[in-house]
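Values reported hereafter were calculated over all heavy atoms of this structure, with side chains retained and with hydrogens, waters and symmetry mates removed. Along the sequence shown, the residues carry numbers beginning at 1.
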Amino acid sequence: MASQRFTMDADWLVFHPNPSRPSFRAPPGAVDAHCHVFGPGDVFPYAPERKYTPCDAPKEKLWELRDFLGFERNVIVQATCHGADNRALVDALQSSDGRARGVATVRPGVEDAELRALHAAGVRGVRFNFVKRLVDTTAPDVLLEIARRIQPLGWHVVIYFEAQDLPELYDFFSELPTTVVVDHMGRPDVSQPVDGPEFERFIGLMREHPNFWSKVSCPERLSRVGPPSYADVVPFARRVVETFPDRVLWGTDWPHPNMKSHMPDDGQLVDLIPKIAPTAELQQKLLVDNPMRLYWSD
Ligand code: 0GY
(Lines give C-alpha, C1' and ligand atoms only; values in the text may rest on other atoms or scores of the structure.)
Protein backbone atom coordinates (compact mmCIF):
# COMPACT_ATOMS: atom_id res chain seq x y z
CA MET A 1 0.00 0.00 0.00
CA ALA A 2 1.47 3.38 -1.00
CA SER A 3 2.17 5.58 2.00
CA GLN A 4 0.41 8.94 1.84
CA ARG A 5 0.70 12.01 4.08
CA PHE A 6 -2.45 13.72 5.31
CA THR A 7 -2.69 17.04 7.11
CA MET A 8 -5.60 17.39 9.49
CA ASP A 9 -8.00 20.30 8.99
CA ALA A 10 -6.68 23.59 10.41
CA ASP A 11 -9.60 23.95 12.87
CA TRP A 12 -9.51 20.29 13.97
CA LEU A 13 -9.44 19.62 17.70
CA VAL A 14 -7.31 16.68 18.76
CA PHE A 15 -8.77 14.21 21.29
CA HIS A 16 -8.19 14.96 24.98
CA PRO A 17 -4.57 14.04 25.81
CA ASN A 18 -5.18 13.09 29.45
CA PRO A 19 -8.83 12.60 30.39
CA SER A 20 -9.75 12.47 34.06
CA ARG A 21 -10.31 9.12 35.73
CA PRO A 22 -14.09 8.79 36.17
CA SER A 23 -15.63 8.46 39.63
CA PHE A 24 -18.35 6.24 38.19
CA ARG A 25 -17.31 2.58 38.06
CA ALA A 26 -18.85 0.87 35.05
CA PRO A 27 -20.18 -2.65 35.71
CA PRO A 28 -17.91 -5.56 34.69
CA GLY A 29 -18.07 -6.18 30.95
CA ALA A 30 -19.07 -2.62 30.04
CA VAL A 31 -19.11 -1.76 26.33
CA ASP A 32 -18.25 1.61 24.77
CA ALA A 33 -20.71 1.18 21.88
CA HIS A 34 -19.84 4.23 19.79
CA CYS A 35 -16.25 5.13 18.97
CA HIS A 36 -14.04 5.37 15.92
CA VAL A 37 -10.53 4.68 14.70
CA PHE A 38 -8.95 7.10 12.23
CA GLY A 39 -6.01 5.93 10.19
CA PRO A 40 -3.18 6.31 10.79
CA GLY A 41 -3.53 7.97 7.41
CA ASP A 42 -0.19 6.82 6.04
CA VAL A 43 -1.27 3.20 6.59
CA PHE A 44 -5.04 3.46 6.08
CA PRO A 45 -5.60 6.47 3.80
CA TYR A 46 -8.57 8.77 4.27
CA ALA A 47 -11.21 8.59 1.54
CA PRO A 48 -10.94 10.95 -1.44
CA GLU A 49 -14.64 11.86 -1.05
CA ARG A 50 -14.27 12.79 2.67
CA LYS A 51 -15.65 16.08 3.97
CA TYR A 52 -12.97 16.45 6.65
CA THR A 53 -9.46 15.26 7.41
CA PRO A 54 -9.15 14.24 11.07
CA CYS A 55 -6.16 13.69 13.30
CA ASP A 56 -4.96 10.10 13.36
CA ALA A 57 -6.71 8.20 16.15
CA PRO A 58 -5.27 4.71 16.01
CA LYS A 59 -6.53 1.54 17.68
CA GLU A 60 -3.79 1.49 20.35
CA LYS A 61 -5.03 4.82 21.71
CA LEU A 62 -8.58 3.46 21.78
CA TRP A 63 -7.57 0.37 23.77
CA GLU A 64 -5.67 2.61 26.22
CA LEU A 65 -8.76 4.77 26.73
CA ARG A 66 -11.01 1.71 27.11
CA ASP A 67 -8.84 0.37 29.93
CA PHE A 68 -8.40 3.75 31.58
CA LEU A 69 -12.16 4.41 31.68
CA GLY A 70 -12.88 0.95 33.13
CA PHE A 71 -14.56 -0.51 30.05
CA GLU A 72 -13.97 -3.95 28.54
CA ARG A 73 -15.23 -3.77 24.97
CA ASN A 74 -15.73 -1.39 22.05
CA VAL A 75 -18.06 -1.06 19.12
CA ILE A 76 -16.13 0.78 16.43
CA VAL A 77 -18.23 2.69 13.94
CA GLN A 78 -16.91 3.45 10.47
CA ALA A 79 -16.68 7.23 10.10
CA THR A 80 -17.25 9.12 6.87
CA CYS A 81 -13.59 10.18 6.55
CA HIS A 82 -12.79 6.56 5.63
CA GLY A 83 -15.72 6.26 3.21
CA ALA A 84 -16.48 2.63 2.40
CA ASP A 85 -12.85 1.58 2.87
CA ASN A 86 -13.18 -0.46 6.05
CA ARG A 87 -9.52 -1.50 6.33
CA ALA A 88 -8.69 0.56 9.44
CA LEU A 89 -11.85 -0.77 11.11
CA VAL A 90 -11.11 -4.39 10.19
CA ASP A 91 -7.50 -4.05 11.32
CA ALA A 92 -8.67 -2.76 14.71
CA LEU A 93 -11.26 -5.53 15.08
CA GLN A 94 -8.71 -8.19 14.21
CA SER A 95 -6.26 -6.86 16.79
CA SER A 96 -8.82 -6.60 19.57
CA ASP A 97 -8.75 -10.19 20.90
CA GLY A 98 -12.48 -10.36 20.28
CA ARG A 99 -13.09 -7.30 22.44
CA ALA A 100 -14.29 -5.07 19.59
CA ARG A 101 -17.11 -5.38 17.11
CA GLY A 102 -17.75 -3.07 14.18
CA VAL A 103 -20.25 -1.16 12.10
CA ALA A 104 -19.07 -0.75 8.50
CA THR A 105 -19.98 1.34 5.49
CA VAL A 106 -20.66 -0.57 2.29
CA ARG A 107 -21.62 0.51 -1.19
CA PRO A 108 -24.40 -1.01 -3.29
CA GLY A 109 -23.14 -3.98 -5.23
CA VAL A 110 -20.81 -5.08 -2.42
CA GLU A 111 -19.83 -8.69 -3.01
CA ASP A 112 -21.19 -11.42 -0.70
CA ALA A 113 -17.61 -12.53 -0.13
CA GLU A 114 -16.74 -9.07 1.23
CA LEU A 115 -19.74 -9.11 3.55
CA ARG A 116 -18.70 -12.54 4.82
CA ALA A 117 -15.12 -11.32 5.37
CA LEU A 118 -16.41 -8.30 7.30
CA HIS A 119 -18.59 -10.59 9.41
CA ALA A 120 -15.64 -12.85 10.16
CA ALA A 121 -13.67 -9.78 11.29
CA GLY A 122 -16.46 -8.81 13.71
CA VAL A 123 -18.70 -6.43 11.77
CA ARG A 124 -22.34 -6.67 12.83
CA GLY A 125 -23.94 -3.67 11.13
CA VAL A 126 -23.82 -1.00 8.43
CA ARG A 127 -24.19 2.72 8.92
CA PHE A 128 -26.39 5.01 6.85
CA ASN A 129 -25.45 8.65 7.34
CA PHE A 130 -27.95 11.40 6.54
CA VAL A 131 -26.06 14.34 8.05
CA LYS A 132 -25.67 16.68 5.11
CA ARG A 133 -22.34 18.22 6.15
CA LEU A 134 -20.81 14.71 6.27
CA VAL A 135 -21.96 12.91 3.14
CA ASP A 136 -23.52 13.26 -0.29
CA THR A 137 -27.05 11.92 -0.53
CA THR A 138 -27.67 8.27 -1.36
CA ALA A 139 -31.07 7.32 -2.79
CA PRO A 140 -33.37 5.50 -0.32
CA ASP A 141 -33.91 2.52 -2.63
CA VAL A 142 -30.13 1.99 -2.77
CA LEU A 143 -29.99 1.98 1.03
CA LEU A 144 -32.96 -0.38 1.25
CA GLU A 145 -31.18 -2.73 -1.12
CA ILE A 146 -28.11 -2.70 1.17
CA ALA A 147 -30.33 -3.30 4.22
CA ARG A 148 -31.86 -6.35 2.51
CA ARG A 149 -28.40 -7.66 1.60
CA ILE A 150 -27.11 -7.51 5.18
CA GLN A 151 -30.29 -8.81 6.82
CA PRO A 152 -29.48 -12.53 6.31
CA LEU A 153 -26.21 -12.03 8.20
CA GLY A 154 -28.18 -10.93 11.26
CA TRP A 155 -26.69 -7.43 11.01
CA HIS A 156 -28.46 -4.20 11.89
CA VAL A 157 -28.52 -0.71 10.41
CA VAL A 158 -27.15 2.33 12.28
CA ILE A 159 -28.67 5.63 11.18
CA TYR A 160 -27.28 9.09 11.80
CA PHE A 161 -29.52 12.09 11.14
CA GLU A 162 -30.49 15.44 12.65
CA ALA A 163 -33.86 16.02 14.33
CA GLN A 164 -35.11 18.53 11.77
CA ASP A 165 -34.76 15.89 9.04
CA LEU A 166 -36.77 13.19 10.80
CA PRO A 167 -40.16 14.11 9.25
CA GLU A 168 -38.88 13.57 5.71
CA LEU A 169 -36.97 10.39 6.65
CA TYR A 170 -39.67 8.82 8.85
CA ASP A 171 -41.36 6.71 6.17
CA PHE A 172 -38.06 5.43 4.83
CA PHE A 173 -36.90 4.48 8.32
CA SER A 174 -40.19 2.62 8.85
CA GLU A 175 -39.37 0.39 5.87
CA LEU A 176 -36.02 -0.81 7.20
CA PRO A 177 -36.30 -4.57 7.73
CA THR A 178 -33.61 -5.02 10.39
CA THR A 179 -32.92 -3.79 13.89
CA VAL A 180 -32.14 -0.08 13.54
CA VAL A 181 -29.88 1.87 15.93
CA VAL A 182 -30.20 5.66 15.99
CA ASP A 183 -27.04 7.61 16.71
CA HIS A 184 -27.17 10.25 19.44
CA MET A 185 -30.97 10.18 19.99
CA GLY A 186 -31.48 11.65 16.52
CA ARG A 187 -29.63 14.82 17.52
CA PRO A 188 -32.42 16.73 19.29
CA ASP A 189 -32.35 20.48 19.78
CA VAL A 190 -31.97 20.40 23.57
CA SER A 191 -33.00 24.04 23.94
CA GLN A 192 -36.53 22.78 23.23
CA PRO A 193 -38.58 21.06 25.93
CA VAL A 194 -37.90 17.38 26.51
CA ASP A 195 -41.65 16.77 26.11
CA GLY A 196 -41.95 19.21 23.17
CA PRO A 197 -43.10 18.19 19.68
CA GLU A 198 -39.64 17.61 18.22
CA PHE A 199 -38.48 15.08 20.81
CA GLU A 200 -41.97 13.55 20.98
CA ARG A 201 -41.57 12.71 17.30
CA PHE A 202 -38.38 10.80 18.10
CA ILE A 203 -39.95 9.05 21.11
CA GLY A 204 -42.90 8.21 18.85
CA LEU A 205 -40.52 6.67 16.29
CA MET A 206 -39.05 4.43 18.99
CA ARG A 207 -42.47 3.57 20.40
CA GLU A 208 -43.99 2.76 17.03
CA HIS A 209 -41.02 0.64 15.94
CA PRO A 210 -39.93 -2.02 18.44
CA ASN A 211 -36.97 -2.77 16.15
CA PHE A 212 -35.51 0.72 16.85
CA TRP A 213 -32.77 1.30 19.41
CA SER A 214 -31.02 4.53 20.38
CA LYS A 215 -27.54 5.52 21.47
CA VAL A 216 -27.79 7.98 24.34
CA SER A 217 -24.44 9.45 23.40
CA CYS A 218 -22.78 12.71 22.45
CA PRO A 219 -23.85 15.26 25.05
CA GLU A 220 -20.85 17.27 23.84
CA ARG A 221 -22.43 17.71 20.41
CA LEU A 222 -25.93 18.51 21.62
CA SER A 223 -25.34 20.67 24.68
CA ARG A 224 -25.64 24.44 24.77
CA VAL A 225 -24.42 24.71 28.37
CA GLY A 226 -21.38 22.51 27.72
CA PRO A 227 -18.97 20.73 30.08
CA PRO A 228 -18.68 19.44 32.68
CA SER A 229 -22.42 19.10 33.47
CA TYR A 230 -23.94 18.98 29.97
CA ALA A 231 -27.04 19.50 32.10
CA ASP A 232 -29.37 20.35 29.24
CA VAL A 233 -28.79 16.97 27.53
CA VAL A 234 -29.31 14.84 30.64
CA PRO A 235 -33.17 14.92 30.69
CA PHE A 236 -33.28 13.85 27.04
CA ALA A 237 -30.95 10.90 27.51
CA ARG A 238 -32.61 9.91 30.78
CA ARG A 239 -36.04 9.92 29.20
CA VAL A 240 -34.86 7.56 26.45
CA VAL A 241 -33.11 5.24 28.93
CA GLU A 242 -36.10 5.08 31.26
CA THR A 243 -38.66 4.65 28.46
CA PHE A 244 -36.73 2.06 26.44
CA PRO A 245 -34.31 0.42 28.90
CA ASP A 246 -33.78 -2.65 26.73
CA ARG A 247 -33.06 -0.73 23.52
CA VAL A 248 -30.37 1.77 24.51
CA LEU A 249 -26.60 1.88 24.09
CA TRP A 250 -23.94 4.26 25.35
CA GLY A 251 -20.64 5.34 23.80
CA THR A 252 -17.87 7.88 24.21
CA ASP A 253 -17.75 8.90 20.52
CA TRP A 254 -13.96 9.06 20.90
CA PRO A 255 -12.05 10.72 19.20
CA HIS A 256 -14.98 13.14 18.83
CA PRO A 257 -14.79 14.07 15.15
CA ASN A 258 -15.74 17.58 14.09
CA MET A 259 -15.92 19.06 17.57
CA LYS A 260 -15.23 22.76 17.05
CA SER A 261 -16.37 24.28 20.35
CA HIS A 262 -14.45 22.16 22.85
CA MET A 263 -12.89 18.72 23.19
CA PRO A 264 -14.67 16.69 25.86
CA ASP A 265 -12.88 14.99 28.72
CA ASP A 266 -13.90 11.34 28.27
CA GLY A 267 -13.79 10.76 32.04
CA GLN A 268 -16.41 13.49 32.51
CA LEU A 269 -18.59 11.84 29.87
CA VAL A 270 -18.45 8.56 31.80
CA ASP A 271 -19.44 10.42 34.96
CA LEU A 272 -22.70 11.43 33.28
CA ILE A 273 -23.83 7.81 33.05
CA PRO A 274 -25.38 7.61 36.55
CA LYS A 275 -27.31 10.80 35.77
CA ILE A 276 -28.89 9.34 32.64
CA ALA A 277 -29.19 5.77 33.96
CA PRO A 278 -29.73 6.30 37.67
CA THR A 279 -30.07 2.70 38.91
CA ALA A 280 -27.66 -0.24 38.82
CA GLU A 281 -30.24 -2.18 36.82
CA LEU A 282 -30.47 0.50 34.11
CA GLN A 283 -26.68 0.82 34.01
CA GLN A 284 -26.29 -2.94 33.57
CA LYS A 285 -28.71 -2.94 30.63
CA LEU A 286 -27.23 0.16 29.02
CA LEU A 287 -23.58 -0.79 29.31
CA VAL A 288 -23.55 -4.59 29.28
CA ASP A 289 -26.74 -6.53 28.53
CA ASN A 290 -27.97 -4.51 25.53
CA PRO A 291 -24.66 -4.18 23.64
CA MET A 292 -23.80 -7.81 24.37
CA ARG A 293 -27.15 -8.92 22.95
CA LEU A 294 -26.70 -6.84 19.80
CA TYR A 295 -23.00 -7.41 19.11
CA TRP A 296 -21.84 -10.55 20.91
CA SER A 297 -24.90 -12.82 20.79
CA ASP A 298 -22.80 -15.42 18.98
C1 0GY B 1 -19.98 10.93 15.14
C2 0GY B 1 -20.32 12.19 14.60
C3 0GY B 1 -19.83 12.84 13.53
C4 0GY B 1 -19.07 12.29 12.47
C5 0GY B 1 -19.22 11.08 11.93
O6 0GY B 1 -18.89 9.47 10.34
C7 0GY B 1 -18.58 10.61 10.70
O8 0GY B 1 -17.81 11.32 10.08
O9 0GY B 1 -20.02 10.22 12.49
C10 0GY B 1 -20.21 14.25 13.41
O11 0GY B 1 -19.48 15.01 12.77
O12 0GY B 1 -21.24 14.64 13.97
O13 0GY B 1 -20.81 10.26 15.71
O14 0GY B 1 -18.84 10.51 15.05
Side-chain angles (χ1 to χ4, degrees), residues 4-17 19 32-66 69 71 74-93 100 102-105 125-136 158-163 165 181-188 215-223 226-227 230 233 249-270 272:
Q4 225 176 318
R5 288 226 152 270
F6 291 89
T7 307
M8 68 179 184
D9 294 339
D11 58 351
W12 192 266
L13 295 181
V14 176
F15 53 86
H16 201 295
D32 173 354
H34 185 91
C35 49
H36 309 283
V37 289
F38 295 156
D42 57 355
V43 183
F44 302 111
Y46 298 113
E49 74 273 21
R50 70 191 181 280
K51 307 288 189 206
Y52 62 85
T53 304
C55 65
D56 288 339
K59 62 189 179 210
E60 295 82 2
K61 287 279 172 201
L62 181 60
W63 310 152
E64 246 175 60
L65 182 75
R66 172 198 67 199
L69 296 177
F71 280 65
N74 298 98
V75 178
I76 305 174
V77 177
Q78 175 79 351
T80 54
C81 57
H82 276 298
D85 177 349
N86 296 291
R87 282 176 295 178
L89 169 67
V90 164
D91 171 71
L93 298 179
V103 174
T105 298
V126 290
R127 191 180 196 207
F128 297 163
N129 201 319
F130 301 91
V131 177
K132 293 176 179 113
R133 71 186 153 79
L134 293 173
V135 283
D136 300 321
V158 173
I159 52 177
Y160 188 25
F161 62 92
E162 299 186 307
D165 297 323
V181 180
V182 179
D183 278 340
H184 320 330
M185 303 180 283
R187 290 195 65 124
K215 291 179 199 163
V216 288
S217 41
C218 275
E220 74 278 16
R221 290 185 194 284
L222 307 175
S223 181
Y230 301 107
V233 181
L249 302 169
W250 183 91
T252 54
D253 190 36
W254 186 90
H256 311 284
N258 298 307
M259 284 300 297
K260 307 283 190 232
S261 56
H262 72 285
M263 182 46 61
D265 172 333
D266 300 279
Q268 288 177 356
L269 296 180
V270 171
L272 285 183

Would a 4.5 Å heavy-atom cut-off, applied to side chains only, mark [X] and [Y] as touching?
| X | Y | result |
| --- | --- | --- |
| V181 | H34 | no |
| R187 | Y160 | yes |
| H82 | Y46 | yes |
| F44 | P58 | no |
| I76 | K59 | no |
| F130 | I159 | yes |
| L134 | N258 | yes |
| P219 | L269 | yes |

With a 3.5 Å distance limit and no angle check, can you tell me whether [X] reaches the backbone of [Y] through a side-chain donor-acceptor pair?
| X | Y | answer |
| --- | --- | --- |
| Q78 | A88 | no |
| D265 | P19 | no |
| D56 | G41 | yes |

Nearest 0.5 Å please: distance from the [atom1] atom of [X] over to the [atom2] atom of [Y].
| X | Y | atom1 | atom2 | result |
| --- | --- | --- | --- | --- |
| R133 | E162 | CZ | CD | 6.0 Å |
| T53 | D9 | OG1 | CG | 5.0 Å |
| E64 | W254 | CD | CH2 | 9.0 Å |
| D91 | N86 | CG | CG | 12.0 Å |

Shortest non-hydrogen separation from [X] to [Y] and the atoms involved:
| X | Y | result |
| --- | --- | --- |
| L89 | V103 | CD2-O, 3.6 Å |
| P188 | H184 | CD-O, 3.7 Å |
| L13 | M263 | O-CE, 3.4 Å |
| A33 | V77 | O-CG2, 4.5 Å |
| T252 | D266 | CB-OD1, 4.1 Å |
| G83 | E49 | CA-OE2, 3.6 Å |

Heavy-atom count around R5 CZ within 6.0 Å, excluding the residue itself: above 12?
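No, not enclosed.
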K61 atom NZ, over 12 foreign heavy atoms within 6.0 Å:
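Not buried by this count: 12 neighbours or fewer within 6.0 Å.
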Evaluate the criterion side-chain contact (heavy atoms from CB on, under 4.5 Å) for residue pair W250 and V270; output intermediate values, then yes/no.
CA-CA 9 Å; W250 183 91; V270 171; 3.8 Å; yes
Could you walk me through whether M185 and V216 pass the side-chain contact (heavy atoms from CB on, under 4.5 Å) test, one step at a time?
CA-CA 6 Å; M185 303 180 283; V216 288; 4.1 Å; yes
Taking the six-membered ring for Trp, are F15 and H256 ring centroids under 6.0 Å apart?
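They do not qualify: ring centres at least 6.0 Å apart.
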So, H262 versus Y230, ring centres under 6.0 angstrom or not?
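Aromatic pair counts; centres sit under 6.0 Å.
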So, applying side chain to side chain donor-acceptor pair (under 3.5 Å) with R127, which one of D183, T80, T105 is it?
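Filter result, single survivor: D183.
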May I have the step-by-step check of side-chain contact (heavy atoms from CB on, under 4.5 Å) for L65 and F71, ending in yes or no?
CA-CA 9 Å; L65 182 75; F71 280 65; over 6 Å; no
Side chains of D253 and S217: is there a donor and an acceptor less than 3.5 Å apart?
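Their side chains do not contain a donor-acceptor pair, so the 3.5 Å distance test is not met.
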Would you tell me whether Y52 and D11 have side-chain atoms, one donor and one acceptor, within less than 3.5 Å of each other?
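No, no side-chain donor-acceptor pair sits under 3.5 Å.
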Plane angle bin for F38 and W12 - parallel if under 30°, tilted between 30 and 60°, otherwise perpendicular:
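Answer is perpendicular, since the angle exceeds 60°.
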